**Student:** 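Quick one: the structure is below, and I'll ask about it shortly.
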Amino acid sequence: MKSLLKIESLSLADMQKIMAATVKIKQSRGRHKTQPLAGQTWALMFSKSSTRTRVSFEVGIRELGGDVMFLSANDIQLGRGEPIKDTARVLGRMVHGAVIRTFAQSDVEEFAHYSGIPTINALTDDEHPCQILADIFTFQEKRGSIRGQTVAFIGDGACNVANSWIFAAAKFGFELRIASPKQFQPPKEILKRAGGNVSVSADLKATAKGADLLYTDVWISMGKEAEAKERIKIMTGYQINAALVKLAKPGALVMHCLPAYRGKEIDDATLEAHADTIFEEAENRLHVQKAILNWAVS
Ligand code: CP
Ligand code: NVA
């Protein structure tokens, strides 16, 4: 039994095991010989909105033979203040695994500790590990090993998705360049903890130059809505568009974790020009997460 709490604490060996299993799981969709979640019920406990993560986990759990229940934090006592450690000890006696989307990383870790069941981080304020595993899987499916390649992250360099990219860089051995305005650059302490070949700059043109992958995420992450006006003002210009793509390596991939806000972090024409990659990236959430579930119960 294992939990997936953050890229920071995941070994390269485990991530490679998950990636290798994903190739087979993707190829054999609809024809799986084993049902590793047969007889199990998993809970999805979400305190934030979701389309991709929710649907891919619900479908994935069922395709692996399990049953699934969606628990919106507003509908369970957690939303009225029941402590996470009590919720964990109740659910741990009733369900076989949990997938949690919430604010504090410590809540997911506390849940894993008190529940004693496999627990998967489906996004916190600190990390989005399932997303980054699907992103790297998508890159490698299209371009081969990511080791030695250059990834340019444009936009909010201090968000959960950027953090997971930072922790992935040293482990997978790729160069990560982050272009963000000063106020939204990753904390130095995170860069120090992660190590690896990660650079941060306010210069998005230099960041994009010669990159193998241009990547972005929303400027206003869930929970930051009160800062929307300020964020838009400061991050305007930090956009993936045709001019920026021209600076990257010819044939560079463009990816976005979605949902996308056209005209902000990416423009419509660039998103549509790279829609095949971006929506395959979204589809790969399903395949990668089935591999994660399989890994978690083995
Ligand atoms: N990328 C992602 O996690 O999407 P959702 O918020 O729709 O789950
Ligand atoms: N950084 C974004 C990711 C959405 C999938 C957020 O936290 O809202």
Side-chain angles (χ1 to χ4, degrees), residues 4-7 42 44-61 68 70-73 98-105 107-108 120-139 151 153-168 176 178-181 183-187 190 213 215-228 230-232 234-235 238-240 254-262 264-266 271 274-275 277-290 292-293:
L4 194 158
L5 302 176
K6 47 188 178 179
I7 297 287
W42 279 60
L44 260 60
M45 211 168 75
F46 280 34
S47 306
K48 291 175 176 172
S49 304
S50 172
T51 300
R52 280 144 289 272
T53 310
R54 175 177 176 176
V55 174
S56 54
F57 268 112
E58 289 204 26
V59 170
I61 289 166
V68 58
F70 182 79
L71 304 172
S72 159
V99 178
I100 301 178
R101 170 168 284 202
T102 190
F103 296 86
Q105 175 71 24
D107 281 356
V108 178
I120 297 173
N121 175 359
L123 181 148
T124 63
D125 290 345
D126 287 10
E127 277 218 36
H128 196 0
C130 298
Q131 179 70 54
I132 266 53
L133 290 176
D135 296 338
I136 293 175
F137 177 83
T138 307
F139 182 90
V151 177
F153 184 104
I154 312 293
D156 181 4
C159 76
N160 41 16
V161 170
N163 281 349
S164 290
W165 271 109
I166 290 169
F167 286 110
L176 177 66
I178 298 176
S180 315
Q183 298 89 322
F184 296 103
Q185 294 183 348
I190 289 196
L213 167 63
Y215 191 99
T216 192
D217 182 14
V218 295
W219 290 343
I220 304 153
S221 283
M222 292 179 278
K224 306 286 186 198
E225 291 79 5
E227 302 170 12
E230 176 89 356
R231 283 174 168 260
I232 291 170
I234 296 172
M235 278 190 263
Y238 285 81
Q239 182 187 75
I240 300 185
V254 172
M255 289 173 39
H256 191 312
C257 61
L258 299 177
Y261 290 82
R262 289 165 167 82
K264 303 259 182 331
E265 74 278 359
I266 192 163
L271 191 147
H274 294 270
T277 304
I278 291 169
F279 290 101
E280 183 143 27
E281 176 190 358
E283 178 193 321
N284 282 338
R285 297 289 307 280
L286 169 66
H287 309 303
V288 167
Q289 287 160 197
K290 283 166 74 178
I292 291 170
L293 290 160

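All residue numbers in this chain count up from 1 along the given sequence. Counting convention: from 1, in listed order, for ligands and their atoms alike. Source: prediction; values computed, not measured.
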**Student:** Parallel, tilted or perpendicular: which one describes the rings of Y215 and W165, with boundaries at 30° and 60°?
**Tutor:**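 Ring orientation, 0 to 90° scale: perpendicular.
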**Student:** For I220 and ligand 2, answer yes if some heavy atom of the residue is under 4.0 Å from a ligand atom, otherwise no.
**Tutor:**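 It does not, in that no heavy atom of I220 comes within the 4.0 Å cut-off of ligand 2.
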**Student:** Counting from 1, what ligand 2 atoms have a heavy atom of N160 closer than 4.0 Å?
**Tutor:**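 Those atoms are 1 (N), 2 (C), 6 (C), 7 (O).
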**Student:** Considering non-hydrogen atoms of the protein only, which is the closest contact for atom 4 (C) of ligand 2, and what is the distance?
**Tutor:**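 Checked against all protein heavy atoms, atom 4 (C) of ligand 2 sits closest to L123 CD1, 4.0 Å.
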**Student:** Taking D156 as the fixed residue, which of R231, Q183, Q185 is the one that meets the side-chain hydrogen bond (donor to acceptor under 3.5 Å, both in side chains) rule?
**Tutor:**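 Per the side-chain hydrogen bond (donor to acceptor under 3.5 Å, both in side chains) rule, the option paired with D156 is R231, out of R231, Q183, Q185.
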**Student:** For atom 2 (C) of ligand 1, tell me which residue out of H256, R54, K48, R285 has the closest non-hydrogen atom.
**Tutor:**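 When every heavy atom of H256, R54, K48, R285 is considered, R285 comes closest to atom 2 (C) of ligand 1.
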**Student:** Working to the nearest 0.5 angstrom, can you tell me the gap between R52 CZ and Q131 CD?
**Tutor:**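 R52 CZ to Q131 CD: 8.0 Å, rounded to 0.5 Å.
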**Student:** I need the minimum non-hydrogen distance between G157 and I178, along with the two atoms involved.
**Tutor:**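 Nearest pair, atom of G157 first, then I178: CA-CG2, 3.9 Å.
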**Student:** Is the CZ atom of F70 crowded by more than 12 outside heavy atoms at less than 6.0 Å?
**Tutor:**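 Atom CZ in F70 is packed in, count exceeds 12.
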**Student:** Hey, what do you get for CD1 (I7) to CD1 (I166), rounding to the nearest 0.5 Å?
**Tutor:**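 Those atoms lie 12.5 Å apart.
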**Student:** N/O to N/O below 3.5 Å, does that happen between M222 and ligand 2?
**Tutor:**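 M222 vs ligand 2: N/O contact under 3.5 Å present.
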**Student:** Under 4.0 Å from a heavy atom of V218: which atoms of ligand 2 are those, numbered in the order shown and with their elements?
**Tutor:**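 Every atom of ligand 2 under 4.0 Å from some heavy atom of V218: 2 (C).
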**Student:** For L258 and ligand 1, answer yes if some heavy atom of the residue is under 4.0 Å from a ligand atom, otherwise no.
**Tutor:**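 Yes, L258 has a heavy atom closer than 4.0 Å to ligand 1.
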**Student:** Test S56 against every option in E283, Q289, K290, H287 by the side-chain hydrogen bond (donor to acceptor under 3.5 Å, both in side chains) rule and name the one that passes.
**Tutor:**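 By the side-chain hydrogen bond (donor to acceptor under 3.5 Å, both in side chains) criterion, S56 pairs with just one of E283, Q289, K290, H287: Q289.
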**Student:** Based purely on interatomic distance, does D217 place a nitrogen or oxygen under 3.5 Å from a nitrogen or oxygen of ligand 2?
**Tutor:**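 Yes, D217 has an N/O under 3.5 Å of an N/O on ligand 2.
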**Student:** Which ligand 2 atoms, with their elements, are less than 4.0 angstrom from a heavy-atom of L258?
**Tutor:**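 Going through ligand 2 atom by atom, the ones under 4.0 Å from L258 are 5 (C).
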**Student:** What atoms in ligand 1 come closer than 4.0 Å to a heavy atom of C257?
**Tutor:**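 What qualifies from ligand 1 is 1 (N).
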**Student:** State the atoms of ligand 1, each with its element, that fall below the 4.0 Å cut-off from a heavy-atom position in H128.
**Tutor:**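 Listed by number with element, the hits are 2 (C), 3 (O).
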**Student:** Testing K6, E127, Q105 one by one against N121 for a side-chain hydrogen bond (donor to acceptor under 3.5 Å, both in side chains), which residue passes?
**Tutor:**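 Running side-chain hydrogen bond (donor to acceptor under 3.5 Å, both in side chains) over K6, E127, Q105 with N121 returns exactly one hit, Q105.
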**Student:** Evaluate side chain to side chain contact (heavy atoms under 4.5 Å, CB included) for E265 paired with D217, printing each intermediate quantity in order.
**Tutor:** CA-CA 7 Å; E265 74 278 359; D217 182 14; over 6 Å; no
**Student:** Return the closest protein heavy atom for atom 4 (O) of ligand 1 as residue, atom name and distance.
**Tutor:**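 Its nearest protein heavy-atom neighbour is R52 NE, 2.8 Å.
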**Student:** Let's go through C130 and T53 carefully: what are the C-alpha distance in whole Å and the side-chain angles of both, what is the deciding distance for side chain to side chain contact (heavy atoms under 4.5 Å, CB included) to 0.1 Å, and is it a yes or a no?
**Tutor:** CA-CA 9 Å; C130 298; T53 310; 6.0 Å; no
**Student:** Which atoms of ligand 1 have any heavy atom of R101 under 4.0 Å away?
**Tutor:**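 Result: 3 (O), 5 (P), 6 (O), 8 (O).
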**Student:** Using a 4.0 Å cut-off to any heavy atom of T51, which atoms of ligand 1 qualify?
**Tutor:**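 Every atom of ligand 1 under 4.0 Å from some heavy atom of T51: 5 (P), 7 (O), 8 (O).
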**Student:** Looking at ligand 2, does any of its N/O atoms fall within less than 3.5 Å of an N/O of S221?
**Tutor:**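 Yes, there is a polar N/O contact under 3.5 Å.
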